[in-house]
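Naming: A, B, ... by sequence-line order, numbering from 1 per chain. Side chains included, hydrogens not; waters and symmetry mates left out as well; all remaining heavy atoms used.
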Amino acid sequence: MLDLKRIREFPEDIRTAIGNKNERGDIDAVLDVDRRRREIIAEVEQLKNTRNVVSQEIARAKKSGEDASARIEEMKGVSDTIKQMDDELRACEEQLRGLLLLLPNTCHPSVPVGRSDADNVEIRSWIPEHSVGLNEEAEYRLLDHLELGKKLGILDFDRGAKLSGSGFPLYTGDGATLERALINFMIDVHRREHGYREVFPPFVVNSDSMYGTGQLPKMTEDMYRCADDDLYLIPTAEVPITNMYRDDILDTEQVPSYFCGYSACFRREAGSYGKQTKGFLRVHQFNKVELVKFVRPEQSYDELESLVVHVENILRLLSIPYRVRLLCTGDTSFSSAKTYDLEVWAPAEKAWLEASSCSNFEDFQARRANIRWRPDGPKSKPEFVHTLNGSGLATSRLMVALLENYQTPEGTVIVPKALHPYTGFTVID
RNA sequence: GGAGAGGUGGGUGAGUGGCUGAAACCAACGGUUUGCUAAACCGUCAUAGUGGGAAACUGCUAUCGAGGGUUCGAAUCCCUCCCUCUCCGCCA
């Protein structure tokens, strides 16, 4: 949610910023409703003041045995008017909130203005020595992850589809173990090396939580919902972890706080059939380790840089080629002010696959979820924190890159060294 | 699923129609005292909206789980909903 005062003060800037994001938002409506709202407030509060004062007089009069019936009669009318105006005010505020919830975050000035993926900017890349197929052809035909999965008996998309539908992967044997190893490995690195506190969140949340991080009201179509209980399956652990502190005021020393957590992630991916749907490239359920930070506003951009480095570190430890891209305004998501994507190289696909997205939301989510802190000790006035998160990382795309990069000419897959303590085996054959 | 209890400020917890934005205690913060630590004492100690002011600050309004009702006036009475806890049943 954007700051209403800021919209009042700089409506043109906001309009431009929203346009740059390929979004729309009715700034005029916001300003109109807000003006109307403040008019009503001025009037109704005057009346309430009168009512309070006169009620005191009535109390006093009654105590001393005077007749107060004239004033009581008068206040009946005042109360009725107040009731009407309160209704009108509530309607205004609901309308205003509805409008504000639909406005996207604005991008940071360092984000390049652009319309699509083509305008994203590569920041850096990292290619380990053993990599094949990035610039040169491999000496043998590379199998893609589907072929490898089938050949090695570690992925069974057909049976996954039988159980749940397409896009619900089934891992079997060493594939299941490898998946679990990846998750544990990543969490351990983040908690041991990078200073994140581990949480294991619920995988379903209520609608307040979904509003808090910005999935609702715009992304309704993309979420699985348990209608009987009005609960939603989380699309990312970002939702429960960020909402841990919804409606809270954090102490000075609680900021910054860093959390990492595993969750299964559920996405309906409505309307995306036909693109890149094979195997792991687009699924309805996947596993992800998420990083979430609650930080001091003035440090949030430094925190974004370190967040990206933490994710990169996982890929380096696994020795998987990747590149970091800064998303342009048009490609930056609704809630984000600045986003870096990390893409892993899949040599058989000959494609970069998005495996992580690291974003600074500034105070956009904090404002929606009402997450504040006291910047300067217990007496100081609460301010909104800045929130950030990044996938650290999603295993589905990572698994594709891992299998394809670590395959041998014989069609087996070497397990990266870093995972050996977690798998207990060093090769999948 | 059945039965019951309860939701008040950072915490505990008083408060059944007006003098209660809310006692008291604890925690926290500032200070006094004190060889040091501790103790004692004094003071401060919610949030939001809206207006005035350059600002420090200040007026008003709202808020005792949420919403509605009764009333001149509601933390307090009535209704609906939500949540938490306990016991029983069922189950991993």
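Between A:S79 and B:rG73 there is a side-chain polar atom (N or O) within less than 4.0 angstrom of OP1 or OP2. Regarding contacts with the backbone of B:rA62, every side-chain N or O of A:R90 stays at 4.0 angstrom or more from both OP1 and OP2. OP1 or OP2 of B:rC60 has not a single side-chain nitrogen or oxygen of A:N49 nearer than 4.0 Å. Regarding contacts with the backbone of B:rG49, every side-chain N or O of A:R37 stays at 4.0 angstrom or more from both OP1 and OP2. Neither OP1 nor OP2 of B:rU61 sits under 4.0 Å from any side-chain N or O of A:K48. At the phosphate of B:rU71, neither OP1 nor OP2 sits under 4.0 Å from any side-chain N or O atom of A:R51. Between B:rA46 and A:R372, no contact under 4.0 Å exists linking OP1 or OP2 to a side-chain N or O. Checking the phosphate oxygens (OP1, OP2) of B:rG73, no side-chain nitrogen or oxygen of A:N52 falls inside 4.0 Å. When the side-chain nitrogen and oxygen atoms of A:K83 are compared with OP1 and OP2 of B:rU71, none of them lie within a distance under 4.0 Å. Close to B:rA48, at under 4.0 Å from its OP1 or OP2, lies a side-chain N or O of A:K381.
Judged by Watson-Crick or G-U wobble contacts below 3.5 Å, the nucleotide B:rU61 has B:rA48 as its partner. Remark: B:rG10 base-pairs with B:rC26. Criterion, Watson-Crick or G-U wobble with two distances under 3.5 Å. For B:rA39, there is no paired nucleotide, since no Watson-Crick or G-U wobble pair has both relevant distances below 3.5 Å. Across every strand in view, B:rU16 sits unpaired, with no contact that passes the Watson-Crick or G-U test at under 3.5 angstrom. When both pairing distances are held under 3.5 Å, B:rG53 makes no Watson-Crick or G-U pair with any nucleotide shown. Partner assigned to B:rA5 is B:rU84, using Watson-Crick or G-U wobble distances below 3.5 angstrom. Checking B:rG73 for Watson-Crick or G-U wobble geometry (two distances, each under 3.5 Å) identifies no partner in any strand. Pair assignment for B:rC90 gives none, since no Watson-Crick or G-U wobble pairing has each distance under 3.5 Å.
Rounded to whole Å, the C1' atom of B:rU76 lies 32 Å from the corresponding atom of B:rG2. Going from the C1' atom of B:rC64 to that of B:rU20 covers 10 Å, rounded to whole Å. Here the separation of B:rA5 from B:rC77, taken at their P atoms, is 15 Å to the nearest Å. Rounded to whole Å, the P atom of B:rA74 lies 8 Å from the corresponding atom of B:rU63. Taking atom P on both B:rC25 and B:rU80, the two are 39 Å apart, rounded to the nearest angstrom. When the C1' atom is used for both B:rC60 and B:rU44, the distance is 24 Å, rounded to whole Å. Taking the P atoms as reference points, B:rA75 lies 9 Å from B:rC19, given to the whole Å. Taking the P atoms as reference points, B:rG15 lies 15 Å from B:rG65, given to the whole Å.
Separation of the A:H108 and A:Y301 ring centroids falls under the 6.0 Å cut-off. Note: A:H310 and A:Y196 meet the aromatic proximity criterion, with ring centroids under 6.0 Å apart. In this structure, A:F334 has its ring center under 6.0 Å from that of A:F364. Taking the ring centroids of A:F294 and A:Y245, they lie under the 6.0 Å cut-off.
Judged by atom type and distance alone, A:K379 reaches the base of B:rU44 through a side-chain donor-acceptor pair under 3.5 Å. In the interface, the side chain of A:E45 is not paired with the base of B:rG51 through any donor and acceptor atom under 3.5 Å apart.
Rounded to whole angstrom, the span from the CG atom of A:D80 across to the P atom of B:rG69 amounts to 11 Å. One atom, CE of A:M85, and another, C1' of B:rU61, lie 13 Å apart when rounded to the nearest Å. With rounding to whole Å, A:D248 atom CG is found 13 Å from B:rG9 atom P. In this structure, A:I40 places its CD1 atom 23 Å from P of B:rC60, rounding to the nearest Å. Between the P atom of B:rG59 and the CD atom of A:Q46 lies a distance of 16 Å, rounded to the nearest Å. B:rG65 atom P lies 18 Å from atom CG of A:D208, rounded to whole Å. Counting to the nearest Å, the C1' atom of B:rC82 and the CG atom of A:L231 are 13 Å from each other. Note: CG (A:D229) to P (B:rC81) measures 17 Å, nearest angstrom.
The residue A:I41 sits close only to the backbone: its heavy atoms come under 4.0 Å of sugar-phosphate atoms, none of a base. Across all strands shown, A:R38 has heavy atoms under 4.0 Å from sugar-phosphate atoms exclusively, and none from any base. Residue A:R35 is out of contact with every strand shown, counting any heavy-atom pair closer than 4.0 Å.
Within 6.0 Å of CD in A:E221 there are 12 or fewer heavy atoms belonging to other residues, nucleotides or ligands. Within 6.0 Å of atom CZ in A:R8, more than 12 heavy atoms from other residues, nucleotides or ligands are found, so the atom counts as buried in its surroundings.
When each of A:P382 and A:E73 is assigned the nucleotide of RNA chain B with its nearest heavy atom, A:P382 is the one assigned upstream, toward the 5' end. Nearer to the 5' terminus of RNA chain B, by closest-nucleotide assignment, is the contact made by A:S380 (compared with the other of A:K76 and A:S380).
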(Q) Could you go through A:Y224 and A:Y232, starting from their C-alpha distance and side-chain angles, then the distance that decides it, and tell me whether this counts as ring pair (Phe, Tyr, Trp, His ring centres under 6.0 Å)? (A) CA-CA 6 Å; A:Y224 289 100; A:Y232 296 83; over 10 Å; no
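The backbone N or O of A:S333 sits less than 3.5 Å from a side-chain atom of A:K21, completing a donor-acceptor pair.
Electrostatic pairing of A:E57 and A:R60 does not count as a salt bridge here, judged by no charged N lying under 4.0 Å from a carboxylate O.
Candidate nucleotides B:rA46, B:rC72, B:rC29 were compared by shortest atom distance to the side chain of A:R374, and B:rA46 ranks first.
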